[in-house]
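Okay, so here's the structure we're looking at.
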Amino acid sequence: MSERVSEPSALSGQALPEHLPPEQLRELFLFADLSDEQLAWVGEHADVVEVPAGEDIVTEGTPAKCFHVLLTGTVAMSRVIGGDAVETTRTDQPGVYFGAVQFYLEDESARDYPASVRAITDSVVLALPAREFADEFARWYPMAVHLLEGMLLGMRKTNSQVAERERLLALGKLSAGLTHELNNPAAAAGRAADALRDRVTGMRNKLAMIASGKLAGAQLQKLVMAQDDFVKKVRHAPDLSPMQASDLEDEVGDWLDEHGVSGGWDLAPVFVAGGLRVDDMEAVLATAGPDTFEGAVRWLAYTVETESLLREILDATARISDLVGAAKQYSQMDRAPYRWIDVHEGLEATLVMFGRKLGEESGIGIVRDYDRTLPQVPAYAAELNQVWTNLIDNAIDAMTAADGAASGTLTVRTARVDDRLLVEIGDTGPGIAPEVRRRIFEPFFTTKAVGHGTGLGLDVTYRVVVNRHHGDVVVESEPGDTRFRVFLPLTEEPGPA
Ligand SMILES: Nc1ncnc2c1ncn2[C@@H]1O[C@H](COP(=O)(O)OP(=O)(O)OP(=O)(O)O)[C@@H](O)[C@H]1O
Ligand SMILES: [Mg+2]
């Protein structure tokens with residue numbers, strides 16, 4: 001045994017044997033109850049391997065060739081999570097096993113090492129060739145292998161069901177917001193359409209009155225032309241501050257009052273909102289003459305109102321179309337699941353889907369820092385939208401106080417970093433404490449109250465970005481500045497994605 005082994009053990013002081021004798025194997029808890037024949041098989045097939053401090057014994061993601069058992073030394077197990085190696089266990093207990101721990105499974109998932117194990121001190125391990133061990137093990141314990149396979153299959157099924165459920169949850173979160181978003185313009189359009197019917201009737205009546213009176217044909221024609229002119233003005237009416245509007249309303253109201261229009265004060269706001277001023281009233285007076293002036297003014301007021309209502313209906317229906325478009329884009333309805341996409345489309349659709357939870361009214365401002373020159377990337381578009389949803393949802397939560405009041409800034413940034421595309425979701429919330437930070441990508445890890453978080457958002461995010469897209473997701477956080485960075489490859493991976 002080399003002097004480098006720091007821990008005293010049964011092996012120290014001797015030259016390192018190539019294989020262990022049965023008595024020594026039996027000291028390891030894993031092999032304690034094997035029959036003599038089985039033990040002899042292990043002794044014959046397991047190599048004794050020295051590993052110097054600092055070296056990987058097995059490396060995550062590389063082909064799982066050997067099942068290892070620790071004999072002496074200290075080893076640490078780690079997994080790459082969110083782009084960083086995270087140490088999960090450290091031990092010096094002889095007999096602990098690692099490496100191809102699922103050697104008895106025949107399926108693909110057991111093909112690679114699930115974690116890395118590194119020698120912290122100089123160490124000695126047993127290495128059993130996984131393939132041969134699997135065949136032998138299945139002969140020894142045929143029923144156990146069946147049970148283990150069943151258990152793993154069950155676990156995997158649960159995991160995928162959980163992921164499916166999470167997808168539905170996110171959709172639920174969004175569709176509640178979306179329903180609300182759709183209801184507002186739909187109700188507004190409905191109200192405006194009702195009012196419009198009213199005004200159109202009023203207008204018909206007024207026109208009949210004007211026409212049956214003393215108005216000459218030429219005059220009537222001029223009024224109809226004025227009407228067209230008014231309509232144009234309504235379409236381009238400027239937005240006024242309440243102060244400006246009220247000043248102008250005073251002017252127009254006074255003027256109408258002076259010219260004998262009873263209730264001129266009620267008409268003034270209609271004209272002002274429609275972009276009409278005292279000049280326009282004067283033009284009408286000149287055309288209609290004093291006798292028919294009041295009737296003409298009221299008829300034109302109807303014109304302005306109907307035009308404003310039409311504008312409202314158009315705005316509302318346009319908003320509904322936008323929302324439906326975003327929902328379609330978000331869900332990727334009728335689109336190929338895997339294709340080349342512009343990430344900005346998905347980001348924008350996702351932002352729309354959050355509706356009132358974002359934007360000025362919510363207290364959370366949005367900053368878009370997009371690099372529009374970025375190329376398209378190959379992606380599962382709907383799944384990426386899921387990722388943006390989870391990250392933005394977390395950012396909103398981080399910027400929302402316990403009493404429900406939200407404040408802060410959500411920053412969505414895109415950029416190219418080397419040969420990858422970066423999407424960064426930043427928030428100005430309190431940040432993530434280091435002890436929490438280590439666990440956030442674990443399934444079911446949540447710091448939120450029962451009923452507020454399932455703890456699956458980042459687990460799903462990780463799986464979609466890393467497993468599905470061969471990208472990476474990392475987090476940087478300090479109070480007031482938390483950034484989740486998603487890196488996506490710009491080119492297609494060789495082989496199935
Ligand atoms: N932007 C962030 N700021 C602060 N903490 C965060 C942020 N994003 C995630 N976290 C922390 O990570 C934890 C896990 O997040 P994850 O999205 O996986 O689950 P969750 O948000 O708690 O629940 P849900 O399943 O509803 O998403 C959160 O509970 C929170 O403590
Ligand atoms: Mg979440």
Side-chain angles (χ1 to χ4, degrees), residues 79-84 86 158-178 330 347 350-351 353-355 357-358 362-367 369 382-413 422-468 471-487:
R79 288 196 53 198
V80 177
I81 296 176
D84 306 321
V86 177
T158 314
N159 273 344
S160 73
Q161 277 167 353
V162 159
E164 190 55 37
R165 170 130 184 79
E166 156 72 8
R167 237 164 261 145
L168 292 175
L169 279 176
L171 215 59
K173 271 180 203 158
L174 289 178
S175 64
L178 185 70
Y330 181 84
L347 286 167
T350 307
L351 288 172
M353 299 296 283
F354 274 99
K357 284 175 104 183
L358 286 172
S362 72
I364 298 178
I366 309 175
V367 171
D369 185 0
E383 294 180 33
L384 276 190
N385 288 341
Q386 184 72 39
V387 167
W388 315 141
T389 306
N390 290 337
L391 295 180
I392 294 171
D393 192 48
N394 284 347
I396 293 174
D397 281 348
M399 294 187 281
T400 306
D403 65 359
S407 76
T409 305
L410 176 84
T411 305
V412 185
R413 187 163 79 88
L422 165 70
V423 175
E424 183 182 87
I425 309 287
D427 70 68
T428 54
I432 313 173
E435 64 275 15
V436 171
R437 152 85 188 73
R438 271 194 289 279
R439 304 194 52 198
I440 53 175
F441 289 99
E442 287 175 20
F444 301 110
F445 176 80
T446 180
T447 57
K448 293 168 193 173
V450 178
H452 286 271
T454 60
L456 286 172
L458 289 176
D459 171 51
V460 168
T461 297
Y462 183 84
R463 276 187 282 142
V464 169
V465 174
V466 178
N467 300 353
R468 288 285 267 180
D472 206 353
V473 44
V474 294
V475 58
E476 227 174 65
S477 180
E478 56 183 76
D481 186 7
T482 298
R483 293 153 191 244
F484 278 83
R485 296 206 174 98
V486 172
F487 293 96

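Atoms within a ligand are numbered from 1 in the order they appear, just like the ligands themselves. None of these values were measured; they are calculated from a predicted model. For reference, positions follow the sequence shown, starting with 1.
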Counting only heavy atoms, tell me which of [options] gets closest to [atom].
{"atom": "atom 23 (O) of ligand 1", "options": "Ser477, Gly455, Gly457", "answer": "Gly455"}
{"atom": "atom 1 (N) of ligand 1", "options": "Asp427, Leu458, Asp459", "answer": "Asp427"}
{"atom": "atom 14 (C) of ligand 1", "options": "Phe444, Phe484, Phe445", "answer": "Phe445"}

Are [X] and [Y] packed together at the side-chain level, in the sense that at least one heavy-atom pair is separated by less than 4.5 angstrom?
{"X": "Leu347", "Y": "Thr350", "value": "no"}
{"X": "Leu410", "Y": "Leu351", "value": "yes"}
{"X": "Val412", "Y": "Ile425", "value": "yes"}
{"X": "Leu458", "Y": "Asn390", "value": "no"}
{"X": "Phe445", "Y": "Val436", "value": "yes"}

Return yes when [X] approaches ligand 1 closer than 4.0 angstrom through a heavy atom, no otherwise.
{"X": "Phe441", "answer": "no"}
{"X": "Asn390", "answer": "no"}
{"X": "Gly431", "answer": "yes"}

A student checking ligand 1 against Thr446 at a 4.0 Å heavy-atom cut-off should list atoms 20 (P), 22 (O), 29 (O)
Interfacing atoms of ligand 1 (cut-off 4.0 Å, heavy-atom, Ile432)
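Near Ile432, the atoms of ligand 1 are 3 (N), 4 (C), 5 (N), 6 (C), 7 (C).
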N or O contact, Asn394 vs ligand 1, cut-off under 3.5 Å: yes
Checklist entry - Do any nitrogen or oxygen atoms of Lys448 come within less than 3.5 Å of a nitrogen or oxygen of ligand 1? => result yes
Do the side chain of Thr428 and the main chain of Thr409 share a donor and acceptor less than 3.5 angstrom apart? yes
Output for pair (Phe484 CZ, Ile440 CD1), nearest 0.5 Å, gives 4.0 Å
Separation between CG (Leu358) and CD1 (Ile392), nearest 0.5 Å, reads 7.0 Å
Just checking: Asn390, one of its N/O/S atoms, less than 2.8 Å away from the Mg ion (ligand 2), yes or no?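 Not a single backbone or side-chain N, O or S atom of Asn390 is under 2.8 Å from the Mg ion (ligand 2).
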